[in-house]
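Report on one structure; see the data block that follows.
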Amino acid sequence: MSLEPGTYFFSGNEAVAEAALLAGCRFFAGYPITPTSELAERMARRLPQVGGVFIQMEDEIGSIMAIIGASWGGLKAMTATSGPGFSLMQESIGFAAMTETPIVVCNVQRAGPSTGMPTYVGQGDVMQAKWGSHGPYEIIALSPSSVQECFDMTIRAFNLSEKYRVPVILLMDERLSHLYEKVRVPSKNELIIINRKKPREKKGFLPYKADDDLVPPMPPVGEGYHFHVTGLTHDERGYPHMDPEVQESLIRRLNDKIRKHVDDIVEIDTFMMDDADIAIVAFGSVVRPSIRAIKLSRERNIRAGLIALKTIWPFPDKFFEDISSRINTFIVAEINYGQVVREVKRAIGDKAKVLLLPKMGGALHTPEELLDILMREAK
Amino acid sequence: MSLEPGTYFFSGNEAVAEAALLAGCRFFAGYPITPTSELAERMARRLPQVGGVFIQMEDEIGSIMAIIGASWGGLKAMTATSGPGFSLMQESIGFAAMTETPIVVCNVQRAGPSTGMPTYVGQGDVMQAKWGSHGPYEIIALSPSSVQECFDMTIRAFNLSEKYRVPVILLMDERLSHLYEKVRVPSKNELIIINRKKPREKKGFLPYKADDDLVPPMPPVGEGYHFHVTGLTHDERGYPHMDPEVQESLIRRLNDKIRKHVDDIVEIDTFMMDDADIAIVAFGSVVRPSIRAIKLSRERNIRAGLIALKTIWPFPDKFFEDISSRINTFIVAEINYGQVVREVKRAIGDKAKVLLLPKMGGALHTPEELLDILMREAK
Amino acid sequence: MPMQFVKYHVRDKYLKTDRLPHIWCPGCGIGSILNAFLLGLEKANIDPDKLLVVSGIGCTGRVAGYLNMDTFHTTHGRAIPFAIGLKIARPDMHVVVFSGDGDLVTIGGNHFIHAARRNNDLLVILVNNLNYGMTGGQVGATTPHNAITTTTPYGNIEDDFNIPFLAAAAGAVYVARWTSLHVRRLAWSIAEAFHRKGFRLIEVISQCPTTFGRRNKMPNGLDMLKWFRDNTIVKHNADLRETRIELNRKIVIGKFIDIKDKPTFEEQAYGLVEKVRGVKRGE
Amino acid sequence: MPMQFVKYHVRDKYLKTDRLPHIWCPGCGIGSILNAFLLGLEKANIDPDKLLVVSGIGCTGRVAGYLNMDTFHTTHGRAIPFAIGLKIARPDMHVVVFSGDGDLVTIGGNHFIHAARRNNDLLVILVNNLNYGMTGGQVGATTPHNAITTTTPYGNIEDDFNIPFLAAAAGAVYVARWTSLHVRRLAWSIAEAFHRKGFRLIEVISQCPTTFGRRNKMPNGLDMLKWFRDNTIVKHNADLRETRIELNRKIVIGKFIDIKDKPTFEEQAYGLVEKVRGVKRGE
Amino acid sequence: MENRVEIIICGFGGQGIVRAGYIIGYAAAISEDLESSFVPSYGPEARGGECASRIVIAREKIDYPFITTIDILITMSEPAYKKYVNYLKKGGIILYDEDLVELDDRARIASKTYGIPATRIAEELGNRIVANIVMLGFFTSVTGIITYEGMKRAVEVGVPARFREINLKAFDIGYSYGEKLKKERESEEPLRN
Amino acid sequence: MENRVEIIICGFGGQGIVRAGYIIGYAAAISEDLESSFVPSYGPEARGGECASRIVIAREKIDYPFITTIDILITMSEPAYKKYVNYLKKGGIILYDEDLVELDDRARIASKTYGIPATRIAEELGNRIVANIVMLGFFTSVTGIITYEGMKRAVEVGVPARFREINLKAFDIGYSYGEKLKKERESEEPLRN
Amino acid sequence: MINNQKQKTQTIQVKRRGIVYLVKDRCKGCGFCIEFCPMGVLKPSKDFNAQGYHYPILVEEPPNKVCIACGFCTVICPEFAIYAEPMEEEKK
Amino acid sequence: MINNQKQKTQTIQVKRRGIVYLVKDRCKGCGFCIEFCPMGVLKPSKDFNAQGYHYPILVEEPPNKVCIACGFCTVICPEFAIYAEPMEEEKK
Ligand SMILES: Cc1ncc(C[n+]2csc(CCOP(=O)(O)OP(=O)(O)O)c2C)c(N)n1
Ligand SMILES: Cc1ncc(C[n+]2csc(CCOP(=O)(O)OP(=O)(O)O)c2C)c(N)n1
Ligand code: SF4
Ligand code: SF4
Ligand code: SF4
Ligand code: SF4
Ligand code: SF4
Ligand code: SF4
Ligand SMILES: [Mg+2]
Ligand SMILES: [Mg+2]
């Protein structure tokens with residue numbers, strides 16, 4: 001009963017829900033919050049149809065802990081929330097990172113901080129997605145810019161989380177969650193589904209001994225592995241071990257398993273970048289007015305292009321380093337007071353001018369605003 | 001019954017507690033956690049002696065919300081926690097930022113992520129202190145490197161929070177919290193205590209209309225101001241107002257009131273920087289082996305110096321920009337996998353080489369490790 | 001005499017009238033409860049300048065914003081801990097927490113039981129509209145078994161909390177339950193509770209026609225009020241094991257608990273100050 | 001016959017013996033309770049491979065790490081929601097939550113009452129050592145009034161939770177309380193509870209000589225066990241309003257609640273799957 | 001149809017504005033071989049108050065799925081009309097419930113305006129709530145952007161099964177009303193020039 | 001005293017190792033006009049297990065307040081001795097409870113070693129727990145880093161009031177024991193050269 | 001007060017009479033005052049108010065249906081739109 | 001089992017006898033087994049074990065004080081150090 005291939009007219013929220021089911025998600029635990037409640041509502045209706053379970057927990061902490069538990073129980077699992085709930089989930093995101101639990105967390109960004117404007121768009125949680133929990137850890141964060149991408153990237157989110165045993169954040173925004181667009185659902189054989197690797201043999205199995213890809217196989221429960229999972233610093237057996245050297249090797253591996261696979265993880269879309277000397281950098285729904293602005297600028301003979309970040313974390317440092325020599329000015333358009341722009345600056349150094357075009361929240365940049373700055377900077 | 005001037009032998013935890021009382025703190029709400037429980041324990045004993053109240057809440061969320069409430073009730077208030085609790089507090093930190101509530105949050109960093117190594121040092125919460133809550137907001141974060149600084153900077157933390165009506169994070173680490181050193185307690189007239197400004201008159205008073213310093217006076221309760229406080233986007237009256245323009249001006253001001261006062265807020269200690277061409281950048285307890293390493297390097301004719309960050313947020317961009325021309329190499333030594341180093345890189349661009357000397361947690365850098373890298377990089 | 005058309009209402013002095021009309025749907029019960037609250041305030045003879053009102057997030061959470069007093073609209077689930085700090089800072093003021101069921105006993109359930117246990121000196125008005133109104137009608141911990149909500153499209157498989165029982169088990173000293181139809185008794189109860197001390201809970205069952213009623217065959221506020229009229233039974237001091245709300249059973253309302261002499265947290269905390277310092281506060 | 005010195009213990013098969021000795025202090029009660037748990041497991045005839053044990057953070061939270069089974073040491077206060085997800089994923093397994101009082105009813109209190117309400121199919125062993133052991137003896141929601149702890153140096157001004165009452169009010173189907181001295185009855189109770197379904201709570205009052213006992217005139221484990229011996233009274237089906245723990249009153253222990261037929265959350269959730277799909281699960 | 005058409009349907013909460021928007025978007029995207037996007041107005045602040053659906057329909061992939069200027073304004077309340085008419089493109093079209101909306105001078109910017117007593121028709125059919133579908137039928141007829149069959153299929157999908165019949169009836173009435181009006185207009189046309 | 005002296009006191013949990021470390025640090029910082037730092041070993045993992053206090057005493061401000069090599073090792077258990085003796089500086093000093101610790105070859109690195117039956121003395125005084133203070137008295141005498149008065153003041157501050165008397169007694173016994181030992185050594189000294 | 005419903009149509013002896021006031025444009029037409037007025041003196045208007053709702057008006061004059069200033073409408077109205085006060089002569 | 005305390009010194013008729021086993025170095029000397037053995041057959045050793053604790057040893061031989069394999073020490077021991085089993089002949 002998961003979706004038949006074909007064309008659908010979905011909102012971003014709906015697309016994520018349906019893609020999750022196709023990716024194999026069979027458990028959703030969540031707590032209502034604008035602007036993503038419809039995602040949970042669809043899951044509540046759809047999960048029983050595919051043999052899965054929906055549970056509304058008492059809060060967001062309970063929600064994410066329940067999906068972490070379910071993931072260890074063998075189910076692909078997700079939750080969805082927005083700023084206030086995402087903030088509450090931070091402790092548990094660190095726990096999932098530390099225990100290498102595959103989960104998908106959809107965070108639909110609204111205008112913050114605090115309660116802010118619940119029904120209006122924001123992009124203020126980009127840094128939080130990477131840094132919101134304590135201690136050094138890595139996650140993956142993907143940012144779709146159309147309903148089709150909501151769909152595709154949800155499947156990718158599950159795949160990456162299973163492959164790297166890491167929490168994957170689907171960093172949506174309010175505009176997308178409530179935007180309806182056409183979605184093409186691929187056929188079963190076009191669909192790529194990745195599942196976590198299982199231990200090859202039980203004897204001498206060390207639950208936290210990684211393979212060459214730095215990812216350890218994940219043992220199933222109830223089959224006699226007798227493994228222990230802990231958020232304390234642990235050795236390869238999974239036993240707590242309070243020793244700076246154990247910490248050094250565990251934490252380095254947890255981070256490196258993502259950092260060393262940047263090339264596999266990072267996806268970037270570019271538009272008219274071949275001959276561009278000025279570029280807009282955007283992500284999420286801001287990509288849409290940006291495309292329009294690039295088109296308008298080209299009509300005015302401005303050689304502008306667009307860099308649309310589909311993967312935000314790990315940050316595509318190398319991409320920016322490489323491209324920076326060809327570009328005079330990067331304009332980072334984001335609905336916050338400067339987050340991705342810091343990363344771009346760090347990656348590029350002094351090799352090009354980097355400008356921030358911020359919005360505090362509540363509205364997208366208009367194509368005209370973007371065109372204005374392109375025109376101003378192009379000359 | 002707060003402390004007499006004189007010399008004391010305090011742990012970092014004790015120094016913070018006593019300084020808070022001297023700064024006027026009369027309410028502490030907290031939840032036990034290693035390595036900062038002794039701070040709460042001292043407050044539990046001391047607060048009743050000075051007429052204040054200690055409450056142990058049911059969790060960290062309750063703790064920080066209680067101090068926010070008490071601050072609106074007119075008391076200077078603080079809480080103390082470590083990584084896991086700090087993660088739980090993130091939603092409320094955003095609320096305090098949005099409602100411009102003066103509070104002090106002491107976060108004693110231990111080795112993370114997750115439960116990690118509770119009794120061992122870490123510095124992995126630096127980025128979290130700035131970005132842990134959703135949406136665009138600013139806080140202030142101070143980082144002491146000796147017990148005397150724990151004392152002095154706690155008073156400063158209260159002063160800055162009152163002056164700018166902003167949450168101030170005292171970013172300690174486990175080494176400091178359990179280190180005992182000599183502390184000089186100044187006399188009453190050496191002590192500078194800042195209190196929040198009150199409205200000048202009731203008539204026509206707009207609770208969120210800022211003065212020229214971008215900080216609005218804070219009305220006391222029970223005196224007929226009839227003000228409303230909300231985490232929703234609000235206009236100058238404090239009324240919820242769902243309008244991108246209101247958001248734009250409110251959020252811009254909340255951020256700018258910190259950004260525009262960087263010069264007042266930032267404090268940096270330097271050591272042997274006058275003629276240095278290579279610099280260690282450190283903060284917290286890592287400053288201590290760094291000083292030693294600089295001394296050792298000088299014996300070997302290496303012109304090394306130390307930049308000790310006392311204020312981490314807002315980040316001292318300008319300081320680094322200014323100094324970067326004189327320095328060939330910055331070595332950022334931190335107990336995480338690269339946080340402050342990103343900021344230094346961003347601030348400096350390509351003007352100097354920036355290296356990270358990371359530790360994953362559990363131990364400080366030794367003076368020898370630091371000396372090694374200085375020797376390697378100096379040639 | 002015909003209807004007298006006027007510009008002001010007798011309760012206007014308590015309200016930020018420049019914010020009216022409020023955001024609540026036509027037929028919503030929150031307005032009636034707020035109205036009864038103001039009547040209770042008046043009956044209890046409380047000076048609004050000595051009153052602080054704290055709300056969480058939700059439709060009910062908007063109450064604070066309409067009151068012409070010092071008021072606080074906090075975060076979801078955290079009105080109680082905020083109020084705890086506020087009350088400790090100002091033990092001379094009345095602190096009322098006015099919020100929704102989801103806010104106070106679902107996400108905020110832990111603060112609720114701990115505040116009851118500690119006997120923090122708060123008057124809590126809990127508007128139980130049997131679901132999450134603000135976010136569009138999801139199930140809550142107060143949604144009756146089998147009820148339809150947006151996240152229980154096949155009927156709620158969970159049981160709901162028996163809030164008076166829970167509050168009593170946690171230690172609340174005053175526990176009453178009314179509905180948004182029983183506004184007069186509610187007002188009296190509020191007035192009475194103002195003159196008690198410690199953790200006091202008044203649960204008010206209310207209608208949310210827009211999101212709950214609509215999906216449960218009571219599309220209008222009036223339908224739900226009639227349900228309350230026909231399906232409630234007043235039973236003071238009822239056995240609290242019998243007060244769970246079920247769709248096909250009478251809802252028990254009344255005053256269930258009224259303990260007058262339990263010391264509050266604040267009395268004890270400031271008592272400690274006096275004990276430790278050997279002097280009276282303020283000296 | 002003299003003492004037989006040996007290398008292995010009869011319960012070793014259940015333990016990760018390479019991790020012994022455990023970190024618990026000499027005279028701590030957690031080891032005895034763990035021991036009784038294993039006896040109960042054996043009595044109930046539970047295959048350890050069909051058992052998942054989840055702990056939170058705290059001294060008691062370390063239990064999971066010593067068991068030679070699939071075990072989970074989660075975050076502070078969150079063992080229950082983790083276990084909820086785990087159980088839903090594997091409804092064929094027994095899921096036991098084994099954790100401390102602070103973990104389960106202080107920071108984790110909300111998950112506790114909601115899981116009881118929902119009747120999530122979990123067996124919860126709550127070790128109540130009247131304080132926070134792991135962090136050095138702070139007050140908890142279970143610390144009796146007037147007791148001395150590191151954060152109540154002048155005596156605890158708060159009242160403690162009556163955990164059985166709270167669990168019952170929230171909806172638990174099996175509620176019992178024993179002490180770390182009553183290990184045999186405890187083991188029987190655990191065995192019995194394994195054969196019930198739904199949210200089952202067994203509270204075990206335990207000694208923490210190091211941080212609690214020391215400050216309350218019972219510096220050794222033995223002192224505290226003697227206190228339990230002399231100050232407990234077995235009263236099955238006791239009136240739960242009478243079961244709060246006070247320093248100078250008898251502690252009521254026994255089996256208080258035992259409801260056998262309430263459907264669990266998992267039964268209903270998978271029942272919904274069958275209803276909606278019209279087929280049995282797995283087809 | 002031009003390459004890109006931007007439509008707003010507006011009124012107040014409870015008039016089925018969101019559903020109508022969804023149905024148009026769905027009809028374009030699924031029934032027809034077009035691209036479309038749809039954004040409902042959203043949130044508690046809109047309860048009972050003003051409400052709007054924004055639809056973009058295009059032949060090619062839609063880069064920017066939000067409204068810039070309005071090609072077609074469908075309005076079912078006076079306040080909504082007043083708010084949105086300012087964004088109407090010169091030469092755009094206005095459809096309106098003629099019992100609820102009184103056009104003013106600003107409507108002159110439109111090249112064409114079409115009124116229908118949609119709510120009255122719905123009330124006659126026995127349920128005010130189908131006024132939105134009457135309006136959809138009318139829209140289908142007078143604009144021709146979506147075929148009759150295409151929109152009808154979308155209505156079938158977009159309304160709850162138990163209300164399908166009355167909605168399809170409403171749709172047809174609206175459609176016929178549009179057809180009739182067009183005919184009348186054609187004959188009047190010369191006079192208007 | 002040299003400019004910087006690094007001291008470790010070690011043993012197992014329950015021997016008052018942390019308190020002893022605090023008292024030395026306090027004595028140096030407050031009673032005397034010196035600088036000092038003190039770091040207790042910490043945390044639940046240490047319960048009943050190994051335990052150590054680290055103290056640095058210096059004439060000038062202490063840049064690096066942690067131990068690098070050990071000048072003075074005070075040890076009250078064999079496992080602790082074995083662990084820390086490896087870090088002892090050549091020419092350092094060892095103080096040890098002679099009933100609980102047996103020095104081995106590695107002690108040769110020390111310039112001097114001083115044994116005292118601190119625990120036995122404490123037991124004779126009626127409470128094992130004051131063995132740490134016996135050791136402090138002994139330390140005061142044999143090292144001379146802190147004056148007798150200075151350390152005594154620190155002991156008064158550092159122990160609970162109701163145990164003050166027995167602790168001061170313990171301190172004096174330890175001190176006298178040291179004085180006696182030093183005298184004996186002095187007479188022996190020539191032999192040792 | 002709730003069981004007073006049945007008395008609506010009865011003629012009763014009224015002790016005092018009230019004046020009913022309305023802030024017309026606040027009314028959202030919920031009908032609570034109309035339904036639960038013990039005397040049944042209210043009915044919905046034909047007109048709409050500015051918000052588009054049918055607000056309450058008084059049905060008829062004494063002796064059958066008169067406002068007794070019971071105050072129920074005053075407190076049940078969720079919009080702070082309606083209130084009643086005893087007539088002057090009876091106010092004290 | 002708890003009230004059995006008083007029987008310690010009584011001579012009682014024993015049905016079965018047990019063998020007591022000890023993993024010596026696990027013992028932390030809490031004394032629970034010693035204190036609560038219903039037969040009072042245990043006492044602390046003079047020696048220390050490797051962890052430095054006095055472990056339990058058996059007091060004396062029959063008839064007064066014999067282990068009856070009641071199993072209480074087996075289950076109360078927090079260290080999984082002591083256990084008792086019925087003697088072979090009685091095992092079944
Ligand atoms: C941390 C967090 N989670 C979720 C939300 C979204 N949210 C807003 S109100 C609400 C529930 C409101 O329900 P209730 O408290 O019953 O109030 P009502 O609207 O029914 O009066 C929720 C879940 C939020 N604001 N913050
Ligand atoms: C979020 C969070 N807050 C605080 C802590 C610190 N902490 C660890 S264990 C513990 C309390 C333990 O008490 P309890 O649950 O009663 O277990 P016990 O040690 O008494 O068995 C606390 C507060 C933590 N790990 N995480
Ligand atoms: S959604 Fe429900 S609770 Fe919220 S205002 Fe509307 S009727 Fe009231
Ligand atoms: S601190 Fe208390 S609970 Fe923890 S191991 Fe020691 S005695 Fe047991
Ligand atoms: S005051 Fe009473 S009698 Fe008069 S109109 Fe209102 S409800 Fe009816
Ligand atoms: S109760 Fe108030 S809002 Fe409702 S109909 Fe009467 S006057 Fe209007
Ligand atoms: S089994 Fe029973 S009788 Fe035998 S030693 Fe153990 S406690 Fe004593
Ligand atoms: S109960 Fe166990 S640990 Fe305690 S004394 Fe006996 S054998 Fe040793
Ligand atoms: Mg509600
Ligand atoms: Mg405990």
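In the text below, chain A, chain B and the rest are named by the order of the sequence lines, each starting its count at 1. Below, all heavy atoms of this structure are taken into account, side chains as well, without hydrogens, waters or symmetry copies.
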Return the option, out of [options], with the maximum number of heavy-atom pairs under 4.5 Å with chain A.
| options | answer |
| --- | --- |
| B:Gly122, B:Ser114, B:Ala363, B:Gly135 | B:Ser114 |
| B:Val126, B:Thr99, B:Asp125, B:Ile335 | B:Asp125 |
| B:Pro113, B:Gly94, B:Gly349 | B:Pro113 |
| B:Ala96, B:Ser249, B:Pro244, B:Gly362 | B:Pro244 |
| B:Gly112, B:Gly124, B:Gly116, B:Gly132 | B:Gly116 |
| B:His241, B:Gln109, B:Gln339 | B:Gln339 |

Notebook entry, point to check: For B:Gln128 and B:Ser87, does a side-chain donor sit closer than 3.5 Å to a side-chain acceptor?
Noted result: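 There is such a pair between these side chains.
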
Check: Are side-chain N/O atoms of A:Thr81 and A:Asn107 paired as donor and acceptor at under 3.5 Å?
Finding: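 Not at all, the side chains of A:Thr81 and A:Asn107 share no donor-acceptor pair under 3.5 Å.
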
Notebook entry, point to check: Among A:Gly83, A:Pro358, A:Gly338, which has the most heavy-atom pairs under 4.5 Å with chain B?
Noted result: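 Of the options given, most contacts go to A:Gly83.
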
Check: Who wins among A:Lys130, A:Met98, A:Gln90, A:Glu91 for the most heavy-atom pairs under 4.5 Å with chain B?
Finding: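 Heavy-atom pairs under 4.5 Å are most numerous for A:Glu91.
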
Side chain, backbone, both or neither: which part of [X] has a non-hydrogen atom closer than 4.5 Å to chain B?
| X | answer |
| --- | --- |
| A:Ala111 | both |
| A:Phe86 | neither |
| A:Leu250 | neither |
| A:Gln123 | neither |
| A:Asp243 | backbone |
| A:Arg259 | side chain |

Next item on the list: For residues B:Thr366 and B:Pro289, determine if any side-chain heavy atom of one lies less than 4.5 Å from a side-chain heavy atom of the other.
Entry: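 Side chain of B:Thr366 against side chain of B:Pro289, heavy atoms only: no contact under 4.5 Å found.
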
Checklist line | Cationic N near anionic O, under 4.0 Å, B:Glu100 to B:Lys257 | finding: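 The answer is yes: the pair qualifies as a salt bridge.
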
Note to self: Assess whether a salt bridge exists between B:Glu343 and A:Arg346, defined as any Lys/Arg side-chain N lying under 4.0 Å from an Asp/Glu carboxylate O.
What the structure shows: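 Salt bridge: no.
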
Note to self: Quick check on B:Ile61 against chain A: is it the side chain, the backbone, both or neither that has a heavy atom closer than 4.5 Å?
What the structure shows: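 Side chain only.
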
Note to self: Please check if the number of heavy atoms outside B:Glu321 that lie under 6.0 Å from its CD is greater than 12.
What the structure shows: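 More than 12 within 6.0 Å, yes.
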
Note to self: Using a 6.0 Å cut-off, check whether atom CD of A:Glu368 has over 12 heavy atoms from anything other than its own residue.
What the structure shows: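 Yes.
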
Note to self: For the residue pair B:Lys351 and B:Phe330, would you count it as a cation-pi contact if the rule is NZ or CZ under 6.0 angstrom from the ring centre and within 45 degrees of the ring axis?
What the structure shows: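 Not satisfied by the 6.0 Å and 45° rule.
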
Margin query: Can you classify the ring geometry of A:Trp131 versus A:Trp313 as parallel (below 30°), tilted (30 to 60°) or perpendicular (above 60°)?
Written below: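 Because their plane-to-plane angle is over 60°, the rings of A:Trp131 and A:Trp313 count as perpendicular.
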
Notebook entry, point to check: Given the rule in the ring pair (Phe, Tyr, Trp, His ring centres under 6.0 Å) test, do A:Tyr337 and B:Tyr137 qualify, once you have shown the distances and angles that lead to the verdict?
Noted result: CA-CA 8 Å; A:Tyr337 209 174; B:Tyr137 66 99; over 10 Å; no

